[in-house]
Amino acid sequence: MTLAAARARVLRALSPLHPLGWVSVAAWRRCSQAGPPAALPHGGYRAWQEQAARDPAGFWADVARGWLRWDSPFHTACQPGRPAGPARWFLGGRLNVSVNCLDQHVEKSPNRVALIWERDEPGTAVHVTYRELLDLTCRLANTLKKYGIQKGDKVAIYMPVSPLSVAGMLACARIGAVHTVVFAGFSAESLAGRIMDSGCKAVITYNQGVRGGRILELKTTVDEAVKNCPSIKHVFVAQRTDNKVHMSDCDIPLEEEMTKAASVCTPESMDSEDMLFMLYTSGSTGKPKGIVHTQAGYLLYAAFTHKYVFDYQQSDVFGCVADIGWITGHSYVVYGPLCNGATSVLFESTPVYPDPGRYWEVVQRLKINQFYAAPTAIRLLLNYGEEWVKKYDRSSLKTLGSVGEPINKEAWQWFYQVVGEGRCTLVDTWWQTETGGICIAPRPSEEKAEIIPAMAMRPFFGIVPVLMDENGKVIEGNDVSGALCIAQPWPGMARTIYRDHQRFVDVYFKAYPGYYFTGDGAYRTKKGYYQITGRMDDVINISGHRLGTAEIEDAMVNSKQADHPDVPETAVIGYPHKIKGEGAFAFVVLKEQTAYTDHVKEELKTIVASKIAKYAVPDHILVVKRLPKTRSGKIMRRLLRKVVTEQSNDMGDVTTLDDPSVVKEILDAYQKYKDKSSS
Ligand code: 7RM
């Protein structure tokens with residue numbers, strides 16, 4: 001009944017005034033050429049939205065047959081998760097993801113540009129055609145095979161974005177290996193943790209990386225990480241710079257081997273539900289979890305959303321400036337665009353290198369048509385003024401996109417008016433590592449439908465959002481807020497957490513049985529549009545990078561030898577930050593109030609950088625005598641958030657506090673800290 005009600009809501013929202021004249025996907029497919037990318041059917045957005053909400057299995061089955069190249073057809077489009085859990089898609093079907101991303105385009109247009117690698121050094125872009133990318137991928141795949149990597153084996157990729165790192169992902173897909181890309185900004189300890197959890201047999205890396213004119217010591221970090229990883233048999237090392245790095249017996253010079261390898265590699269025929277990759281992401285508790293995506297459903301959803309959310313047209317240059325270390329890079333730098341035969345930009349640099357005009361200089365030089373970025377970068381750039389934007393010709397731009405965190409109105413307006421000259425569609429896209437692709441975004445929608453600034457607005461085809469109240473009941477009506485859930489399955493949904501399916505079910509399907517719980521809160525406007533209000537758990541979002549506050553706490557407290565010996569307890573919260581969106585604020589308790597507190601604070605920052613990554617380092621560390629706790633010993637982070645964000649003395653209900661006098665203590669300490677830092 002509740003699912004029916006949710007579907008009915010989507011259908012009602014589609015057409016409040018007149019009945020729908022819809023055309024089935026099958027009918028559209030019959031009269032159009034199969035294969036991506038294609039135009040919306042006659043009847044448009046509403047027709048598809050209506051069909052996808054009413055009959056998701058039928059809708060996606062039709063799309064999957066037309067969009068992907070199959071080795072053998074599937075017999076069952078969707079098998080719902082029982083009793084609660086993720087659905088499985090396209091059962092019995094077999095295909096190879098790299099064939100869909102490469103071979104099918106090479107057959108038709110081998111010289112079309114697949115990748116434009118915008119290297120850190122301005123003006124040195126490298127173009128790679130589909131034929132060349134297939135060649136690279138096959139040689140890399142054959143090299144992996146030569147060193148014993150087989151179907152089902154796990155391979156870590158610790159590289160910034162580049163043609164070789166994309167070839168690394170596709171080479172794994174070609175031979176049925178599973179990649180786990182680790183953001184090249186993560187520390188050796190973070191990398192080691194991911195390698196151990198996933199049981200990787202090999203790492204692919206560069207000797208060094210280059211970003212913003214600075215050198216990243218990638219191989220050194222890998223060496224430090226794999227010291228403690230017995231599962232690693234080989235480290236494949238590519239050359240990004242001319243500098244020599246130490247090579248040991250199990251290190252393989254990648255380009256050398258690729259030159260010797262055959263340029264043809266027979267693709268492994270994979271089951272739709274075989275694992276394609278895992279990607280580690282932070283939750284509210286414990287260590288980062290290996291989110292698992294499978295072959296067909298993920299690829300289809302990434303490609304389909306890439307086409308329709310951004311209105312991608314053949315021969316457009318698609319510029320998603322995300323790193324491949326995040327899901328955005330997987331879905332909208334690599335798999336979505338390449339499956340659609342697009343030209344995808346690989347942006348290796350930063351928005352301010354060599355100056356704050358870099359993005360727009362690249363837009364002009366590469367004639368980018370769709371530009372997809374994070375709000376944090378937009379907020380950073382708007383501080384430098386409009387001149388940096390206006391210096392460059394942006395007339396190629398058609399669609400702008402925002403992802404990763406809420407975009408505030410000021411940043412939205414600047415992006416829309418200054419960058420897009422008020423003539424480009426700007427889409428605020430909401431989605432998650434777990435959802436595989438965009439779930440809520442203003443497009444696609446009927447021609448000239450309104451877009452409200454700073455709002456994700458409309459569910460994508462087949463996405464049925466619902467809001468839940470505290471009692472787990474579906475909230476009906478508009479102008480309401482609640483926990484954001486999704487009521488029916490879609491193909492891009494993650495299937496499990498690697499080696500911890502129970503945790504997957506508990507985190508996403510337990511709170512609201514029968515629904516996928518996103519962890520985000522949302523507001524449904526008077527008109528029925530969705531606005532994301534933020535996380536409901538202890539996950540914070542620093543510059544669009546997800547992080548559990550517990551991870552930062554764990555890094556600092558004295559639990560193991562390596563942590564800080566003077567810090568028995570900490571509590572970390574997120575607070576609004578002008579550029580980063582959120583920053584980390586740490587409250588720490590010291591064993592003894594020493595005269596060395598400043599020294600300890602610096603040490604704590606170093607520890608967090610080396611245990612997690614630089615971006616995780618708290619902006620503020622405040623030493624307090626004790627933390628506010630309930631009688632059962634739980635830290636009341638809500639109270640700490642109030643102290644920092646509201647700066648009011650009214651702490652609300654504190655009756656569950658073990659000792660309410662702690663409130664004044666913390667307020668005083670905070671006031672002193674503020675006075676000191678502003679003086
Ligand atoms: C794509 C990505 C997911 C979390 C998610 C939200 C937040 C992402 C938006 C957003 C408001 C948006 N995957 N989030 N996009 N919040 N508006 N358009 O970022 O797994 O790394 O993060 O990010 O809280 O749950 S992610």
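The analysis underlying the following values was restricted to heavy atoms, covering all of them including side chains, and did not include hydrogens, waters or symmetry mates. All residue numbers in this chain count up from 1 along the given sequence. Both ligands and their constituent atoms are indexed starting at 1 by order of listing.
For ligand 1, the protein residues within 4.0 angstrom (heavy atoms only) are Ile327, Thr328, Val403, Gly404, Glu405, Pro406, Asp428, Thr429, Trp430, Trp431, Gln432, Thr433, Asp520, Ile532, Arg535, Asn541, Arg546.
Cation-pi check for Arg194 over Phe186 is met; the charged atom lies under 6.0 angstrom from the ring centroid and within 45 degrees of its normal.
Each of Ile438, Ile451, Leu426 was evaluated against Arg443; a single residue qualifies, Ile451, per the side-chain contact (heavy atoms from CB on, under 4.5 Å) test.
Atom CD of Glu421 sits in a crowded spot, with more than 12 heavy atoms from other residues, nucleotides or ligands closer than 6.0 Å.
Applying the ring-ring contact (aromatic ring centres under 6.0 Å, His included) criterion to Tyr359, with sequence neighbours excluded, gives Phe347, Phe371.
Checking Asp479 against Tyr523 by side-chain atom types alone, a donor-acceptor pair falls below 3.5 Å.
Classified by interplanar angle (parallel below 30°, tilted 30° to 60°, perpendicular above 60°), the ring pair Phe318/Phe310 is perpendicular.
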